[in-house]
Amino acid sequence: MQNTAGTGPDAPIDVTPLLDDPYAAYAALRAAGPVHRITGADGQPAWLVTRYDDVRRALADPRLSLDKRHATPGGYRGFSLPPALDANLLNMDPPDHTRVRRLVVKAFTPGRVNALREPVRRVADELLDAMAERGRADLIADYAGPLPITVICDLLGIPQEDRRDFLAWSDALITPDPSRPGQMKEAVGSMLEFYTGLIAAKRAQPGDDLLSDLIAVRDDAGGDEGGDRLSEDELTSLAFLILLAGYENTVHLIGNAVLTLLDHPEQLRQLQRNPAELPAAVEEFLRYDGPAPLAIRRFPKEDLEIGGVRIPAGESVLLSIASANRDPGRFPEPDTMDPGRDLSGHLAMGHGIHYCLGAPLARMETVTALDALLARFPELRLDVPRGALRHRRALRARGLISLPVAW
């Protein structure tokens, strides 16, 4: 892959290598230059930033907006979500971002996350009980997927009977089927109808859950935090974001972590002997093969330079977290999995004001899931040839389609 940073939009890089062999492709791009013009999976051109220092600075640069209204006219428009699902933190700048984040951050404090540790372990043990007698399982479908969806649905107060539909809708959004062009639109319509109905039900009969708390903030005439309130669209969009992000990132993180351990049996045995080392290992899993290769797309409010490359206002900027976390200038021998390395400053959960709101919950779930799994099945092994495994073909998500294991 050649450096085309200086050649403008007429010669963008094809992203296929980033889908087929991302870490090798990112290494080639980092070596060739700090910023590259690419054609995204949606056919739109974008600027891809690959080196650690540039990515970290850009993540915290207020000149780079998440708000699509700063995009070039006729340019990127995302999923074309209705306003009731699009008014979320991933599209907001201050002051709206500050106001909305302040209202929801209480749900993810260390105290509240720690209170969830026992329920998460109970769910993990129940899933493992169901798998145990079979002697084999698809770890994504049977464990890494059901665990976070159960946790986040319990947190929001979503009924058990609605959870299977949500999984189908989220898959349609994350990895749409090219043979079904209307699938994404159908999923968006179904999600909007679902959230509208759920909020109405919670409004009529509140429960002891996060969504009921957010509805109370929305409906309280006095507001909260000195008058801060949520609009109805912001309320619906928050429920959508918390459920989708809370599921997607955690299932991919657990799956990627298990595969990494199966690829490194000496590290697997070390963690079985010393489960107290799991929190540090999870930080390395995040750096080594995290679930979110790219940060949320940004749009310069003005012409600016990144890595010495001029980027015009309004054009799409993609910050490669996956590439930054494998930059040898920041992490020596970055392609080696080493939980003992200095992991301060890895960017898997972001940096700056948009740092992942659910990071404490995702970390706790992953540590708990791995602890339960390694204790229950000490002889865990792959049940298919390594080359038979397939990842989702998506630039924005790094996760396995399935992970057949046996014990």
Side-chain angles (χ1 to χ4, degrees), residues 1-9 11-41 44-66 256 283-313 315-338 341-356 394-398:
M1 300 177 69
Q2 296 179 357
N3 177 11
T4 62
T7 62
I13 292 173
D14 177 62
V15 299
T16 302
L18 294 174
L19 298 172
D20 294 338
D21 192 2
Y23 295 113
Y26 280 128
L29 289 174
R30 281 194 310 271
V35 181
H36 302 264
R37 192 71 162 163
I38 70 167
T39 299
Q44 293 282 341
W47 297 94
L48 180 69
V49 184
T50 60
R51 294 179 182 171
Y52 178 89
D53 289 341
D54 295 321
V55 171
R56 190 174 191 274
R57 278 193 295 266
L59 285 169
D61 191 334
R63 298 174 299 169
L64 288 166
S65 171
L66 270 66
N256 293 355
E283 297 307 307
E284 177 67 342
F285 299 145
L286 281 163
R287 182 205 68 84
Y288 180 79
D289 196 17
L294 298 175
I296 300 301
R297 188 181 300 251
R298 283 154 165 80
F299 309 95
K301 298 178 185 178
E302 60 190 59
D303 293 357
L304 50 76
E305 282 193 3
I306 299 178
V309 175
R310 178 182 173 276
I311 300 178
E315 298 205 349
S316 291
V317 176
L318 300 176
L319 307 175
S320 177
I321 292 171
S323 181
N325 280 341
R326 294 275 189 121
D327 187 339
R330 175 60 183 82
F331 299 102
E333 299 184 23
D335 297 326
T336 299
M337 207 281 287
D338 177 13
R341 73 168 72 243
D342 174 13
L343 287 160
S344 60
H346 79 69
L347 302 176
M349 295 295 189
H351 174 65
I353 64 170
H354 297 290
Y355 187 84
C356 178
L395 283 178
R396 62 173 296 274
R398 171 75 173 169

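Reckoned from all heavy atoms, side chains included, excluding hydrogens, waters and symmetry mates. Small disclaimer: the values here were computed from a predicted structure and weren't measured.
- Taking OH of Tyr288 as the reference point, atom CG of Asn256 lies at 10.5 Å (rounded to 0.5 Å).
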As a quick check of understanding, evaluate side chain to side chain contact (heavy atoms under 4.5 Å, CB included) for Arg341 and His346, giving each step before the final call. CA-CA 11 Å; Arg341 73 168 72 243; His346 79 69; over 6 Å; no
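- Scanning both residues, Gly352 and Ala60, for their nearest heavy atoms gives CA-CB, 4.4 Å.
- You'll find the side chain of Leu18 reaches within 4.5 Å of the side chain of Leu48, heavy atoms only.
- Of the inter-residue distances, the one linking Asp289 atom CG with Glu284 atom CD reads 10.5 Å to the nearest 0.5 angstrom.
- Counting only heavy atoms from C-beta outward, the side chains of Asn325 and Ser320 never approach each other to under 4.5 Å.
- Looking at heavy atoms from C-beta onward, Trp47 lies in side-chain contact with Val309 at the 4.5 angstrom threshold.
- Taking all atoms of both residues into account, the shortest heavy-atom contact from Pro332 to Arg330 is CD-O, 3.7 Å.
- Geometrically, Arg326 does not engage Tyr52 in a cation-pi contact, judged by NZ or CZ lying under 6.0 Å from the ring centre and within 45° of the ring axis.
- Nearest heavy atom pair, residue Pro300 against residue Ile311, reads CG-CG2, 4.0 Å.
- Contact check for Leu319 versus Leu347: no side-chain heavy atoms found under the 4.5 Å cut-off.
- The cationic group of Arg287 lies under 6.0 Å from the six-membered ring centre of Phe331 and within 45° of the ring axis, placing it in a cation-pi geometry.
- Listed for the Arg298 side chain is a donor-acceptor partner under 3.5 Å among the backbone atoms of Ile296.
- In this structure a side-chain-to-backbone donor-acceptor pair under 3.5 Å is missing from Asp303 to Pro312.
- The CG atom of Leu29 sits 10.0 Å away from the CZ atom of Arg51 when rounded to the nearest 0.5 Å.
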Show your reasoning for whether side chain to side chain contact (heavy atoms under 4.5 Å, CB included) applies to Leu19 and Leu395. CA-CA 7 Å; Leu19 298 172; Leu395 283 178; 4.0 Å; yes
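- Between the CD1 atom of Ile321 and the OH atom of Tyr26 there is a distance of 9.5 Å, given to the nearest 0.5 Å.
- The two residues Gly307 and Pro34 have their closest heavy-atom pair at O-CG, 3.3 Å.
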I'd like to know whether Leu64 forms a side chain to side chain contact (heavy atoms under 4.5 Å, CB included) with Leu304, so could you lay out the CA-CA distance, the side-chain angles of the two residues, the decisive distance to 0.1 Å, and finally the verdict. CA-CA 9 Å; Leu64 288 166; Leu304 50 76; 4.1 Å; yes
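- For Asp53, the side-chain contact (heavy atoms from CB on, under 4.5 Å) criterion is met by Arg57, not counting sequence neighbours.
- Using a 4.5 Å cut-off on side-chain heavy atoms (C-beta onward), Arg398 and Pro22 make contact.
- A distance-only check finds no donor-acceptor pair linking the side chain of Arg297 to the backbone of Leu66 [under 3.5 Å].
- Side-chain N or O atoms of Ser323 include one that pairs as donor or acceptor with a backbone N or O of Thr50 at under 3.5 Å.
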